[in-house]
Number of protein chains: 2
Amino acid sequence: MGVLSRCLLNFAAIMKIVLIGAGNLATHIGGALQRAGHEITQVYSRTIEAAAELAEKLGASHTNCIEMIVRDADVYIFAVTDAALTEIIHEVCNGRENGLMLHTSGSTPMDCFRGMAKRYGVLYPLQTFSKCREIEFTNVPLFIEGCDAQVEREIDLLADGISHNHRHLDSADRRYLHLSAVWACNFVNHCYDIAAGILGQRDIPFDVLLPLIDETAAKVHRLPPNKAQTGPAVRFDENIIRSQAQLMSGDSRLKDLYERMSTSIHQRNKKQQS
Amino acid sequence: MGVLSRCLLNFAAIMKIVLIGAGNLATHIGGALQRAGHEITQVYSRTIEAAAELAEKLGASHTNCIEMIVRDADVYIFAVTDAALTEIIHEVCNGRENGLMLHTSGSTPMDCFRGMAKRYGVLYPLQTFSKCREIEFTNVPLFIEGCDAQVEREIDLLADGISHNHRHLDSADRRYLHLSAVWACNFVNHCYDIAAGILGQRDIPFDVLLPLIDETAAKVHRLPPNKAQTGPAVRFDENIIRSQAQLMSGDSRLKDLYERMSTSIHQRNKKQQS
């Protein structure tokens with residue numbers, strides 16, 4: 001490692017960081033940054049209790065007033081919903097022009113900062129975060145974008161300290177990445193939830209499904225998902241599909257989803273074979 | 001362990017088994033039974049190549065002619081599609097009345113054997129099997145049903161040798177279990193496949209999603225799925241939902257699925273909170 005890299009790393013190692021947001025992501029990224037040696041100086045949230053709770057964990061001050069956000073931090077990390085980001089971005093950036101402004105959103109373009117900040121970018125972590133669940137943050141893939149090459153290097157250094165898995169991705173690609181994550185995580189989890197509901201009707205505990213859930217996830221480490229598919233839909237076993245749809249007739253919305261998912265699997269399979 | 005159990009176990013340890021079917025499940029269950037010390041004496045499949053391939057692996061004879069299936073086996077295990085099961089069950093059972101007839105289907109009631117066999121039941125493994133992928137069969141949950149208590153004990157003993165995770169479940173509950181498995185495995189895998197397709201459009205490798213996929217599966221070991229949910233749909237972030245649906249407009253079927261899944265997550269969340 002050259003002298004410059006070391007200097008930059010030292011620079012990275014002492015950043016004063018403000019977290020804008022106190023939800024699941026802010027909690028996890030704040031913890032990871034602190035473990036990397038950075039100082040979380042303040043937590044802002046519009047709900048004072050949330051700000052206080054996370055600030056206490058991190059030994060930081062807290063506020064629910066944008067005016068009171070410190071002006072001399074090195075980095076401001078927005079970890080709020082996209083709607084909140086749009087609402088507060090202008091006020092947060094205003095008067096804090098020396099700070100590096102980063103958002104963590106999959107779907108918001110980096111340019112939301114344009115005209116409001118001088119040094120800005122994106123640090124998008126591709127993971128599902130819940131406050132009550134520990135995450136090994138060093139394994140979380142981080143996707144980075146900076147307003148210029150120098151800023152991008154600064155974000156790289158920051159990312160280096162918290163994850164060994166980071167790469168550059170522009171705003172256009174990041175939207176697709178986020179969309180894919182909704183399928184691979186949120187919709188998958190919804191399928192688990194529907195399965196849990198079906199078992200609950202028959203007093204069968206959800207945990208009977210865990211070996212199947214684990215193997216389904218493990219399989220796609222080795223096989224592309226279209227090669228890993230099994231079950232009645234890919235075989236187009238119409239009798240089972242019809243009889244299972246019938247079992248779901250108590251909830252027409254879910255029955256409809258069942259039928260559309262089955263058709264979609266079958267059609268995709270046909271298309272890939274042709 | 002009492003003398004009777006040991007005798008029964010010894011009895012179980014030397015069973016002569018015929019596999020009806022040579023697909024993914026037959027391959028895995030045949031291997032597991034052989035490792036447990038049983039003799040796979042013959043493999044039947046309507047396609048002779050499949051029968052020969054699996055038979056060679058297991059050191060068994062093979063046939064594609066039901067007439068030629070041996071008549072002196074202890075157990076006949078049907079591992080075929082439900083449609084094939086219905087077609088061949090009568091002919092296979094006929095003349096083999098001394099054998100224990102077992103099917104492995106989630107959705108077919110045990111009574112499909114009634115009037116055709118004297119000793120019959122179900123051994124339903126809840127897992128996704130692909131030939132090219134090794135499975136630790138001892139962890140596969142097996143669901144057992146027998147035509148009477150004595151037969152149920154025999155199936156228990158057979159199951160004991162191949163998995164440490166088995167329990168009794170009747171045909172009515174098993175249909176719901178199978179349905180839940182379609183959601184938790186096949187539909188989940190379809191979501192992975194759709195995500196892979198989205199990333200493929202932007203030349204982003206699928207493996208960036210693996211830490212997210214693994215965490216989504218790991219989370220439901222600790223949290224019920226409805227508590228584990230994150231993302232735009234559960235927050236009902238309409239802007240992101242609309243903008244992501246827009247990204248999917250190249251495929252109206254998938255766009256439609258995206259919108260229905262999002263609505264379903266949101267509505268389920270509202271219902272659970274009310």
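Naming: A, B, ... by sequence-line order, numbering from 1 per chain.
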Bottom line for Pro141(A): the part with an atom under 4.5 Å from chain B's heavy atoms is side chain
Out of the candidates Ile88(A), Ile89(A), Ile77(A), Leu102(A), only one should pair with Ile20(A) under the side chain to side chain contact (heavy atoms under 4.5 Å, CB included) rule; please name it. Ile88(A)
Could you walk me through whether Arg268(B) and Gln229(B) pass side-chain contact (heavy atoms from CB on, under 4.5 Å), step by step? CA-CA 11 Å; Arg268(B) 208 162 168 98; Gln229(B) 193 58 283; over 6 Å; no
Side-chain donor-acceptor pair under 3.5 Å between Thr128(B) and Thr230(A), yes or no? yes
Arg46(B) atom CZ, over 12 foreign heavy atoms within 6.0 Å: no
Which of the residues Cys185(A), Ala233(A), Gly231(A) is involved in the greatest number of heavy-atom pairs with chain B at under 4.5 angstrom? Cys185(A)
Side-chain (Ser180(A)) to main-chain (Leu177(A)) donor-acceptor, under 3.5 angstrom: yes
Arg133(B) versus chain A, the contacting section by heavy-atom distance below 4.5 Å: side chain
Based on non-hydrogen pairs under 4.5 Å, which of Arg167(A), Arg253(A), Gln267(A) is most in contact with chain B? Arg253(A)
Identify which part of Ser262(A) has an atom lying under 4.5 Å from any heavy atom of chain B, answering side chain, backbone, both or neither. both
Turns out that what part of Ile204(A) lies under 4.5 Å from chain B's heavy atoms comes down to side chain
Using non-hydrogen atoms and a 4.5 Å limit, figure out which bit of Ser107(A) sits close to chain B: side chain, backbone, both or neither. side chain
Side chain, backbone, both or neither: which part of Arg222(A) has a heavy atom under 4.5 Å from chain B? side chain
Contacting region of Asp256(A) [heavy-atom separation from chain B under 4.5 Å]: side chain
Taking the side chain from His103(B) and the backbone from Phe78(B), do they hold a donor-acceptor pair closer than 3.5 Å? no
Looking at chain A, which one of Asp193(B), Thr216(B), Leu169(B), Thr86(B) has the largest number of heavy-atom pairs inside 4.5 Å, strictly under? Asp193(B)
Heavy-atom contact with chain B under 4.5 Å, split by part of Phe206(A): side chain
Is there a donor-acceptor contact under 3.5 Å from the side chain of Glu145(A) to the main chain of Ser171(A)? yes
Region of Ile240(B) that comes under 4.5 Å of a non-hydrogen atom in chain A: side chain
Largest heavy-atom contact set with chain A, pairs under 4.5 Å, which of Ala83(B), Pro232(B), Ala196(B): Pro232(B)
Side-chain donor or acceptor of His28(B) paired with backbone N/O of Ser130(B) under 3.5 Å: yes
Using side-chain contact (heavy atoms from CB on, under 4.5 Å), reason through His178(B) and Arg174(B) one step at a time and then give a plain yes or no. CA-CA 6 Å; His178(B) 187 205; Arg174(B) 193 172 60 251; 5.6 Å; no
Residue, of Lys227(A), Gln201(A), Met248(A), that accumulates the most heavy atom pairs under 4.5 Å with chain B: Met248(A)
Heavy-atom contact with chain B under 4.5 Å, split by part of Leu254(A): both
Counting distance only, does the side-chain N/O of Ser163(A) pair as donor-acceptor with the main-chain N or O of Asn165(A) below 3.5 Å? yes
Residue from Leu210(A), Asp203(A), Ile213(A) scoring the most non-hydrogen pairs under 4.5 Å with chain B is Leu210(A)
Specify which of Val182(B), Val234(B), Asn139(B), Thr108(B) makes the most heavy-atom pairs with chain A at under 4.5 Å. Val182(B)
Can you say whether Val208(A) sits under 4.5 Å from chain B via the side chain, the backbone, both, or neither, judging by heavy atoms? both
Thinking salt bridges, do Glu259(A) and Lys255(A) make one under a 4.0 Å N-O criterion? yes
Go through Leu199(A), Val220(A), Asp207(A), Asp82(A) and name the one with the most non-hydrogen pairs under 4.5 angstrom from chain B. Val220(A)
Checking heavy atoms, do the side chain of Tyr258(A), its backbone, both or neither come under 4.5 Å from chain B? both
Measure up the Phe143(A) and Tyr124(A) rings against each other and bin them: parallel (under 30°), tilted (30 to 60°), perpendicular (over 60°). tilted
Between Val188(B), Asp173(B), Asn189(B), which residue shows the highest count of heavy-atom pairs closer than 4.5 Å to chain A? Asn189(B)
Using a 4.5 angstrom heavy-atom cutoff, name the option from Leu257(A), Asn226(A), Leu247(A) with the most pairs to chain B. Leu247(A)
Is chain B contacted by the side chain of Arg235(A), its backbone, both, or neither, given a heavy-atom distance below 4.5 Å? side chain
Mark yes when over 12 heavy atoms from residues, nucleotides or ligands other than His221(B) sit less than 6.0 Å from its NE2; otherwise mark no. yes
Please step through side-chain contact (heavy atoms from CB on, under 4.5 Å) for the pair Glu215(A) and Lys219(A), ending with a clear verdict. CA-CA 6 Å; Glu215(A) 170 63 11; Lys219(A) 239 175 157 177; 3.7 Å; yes
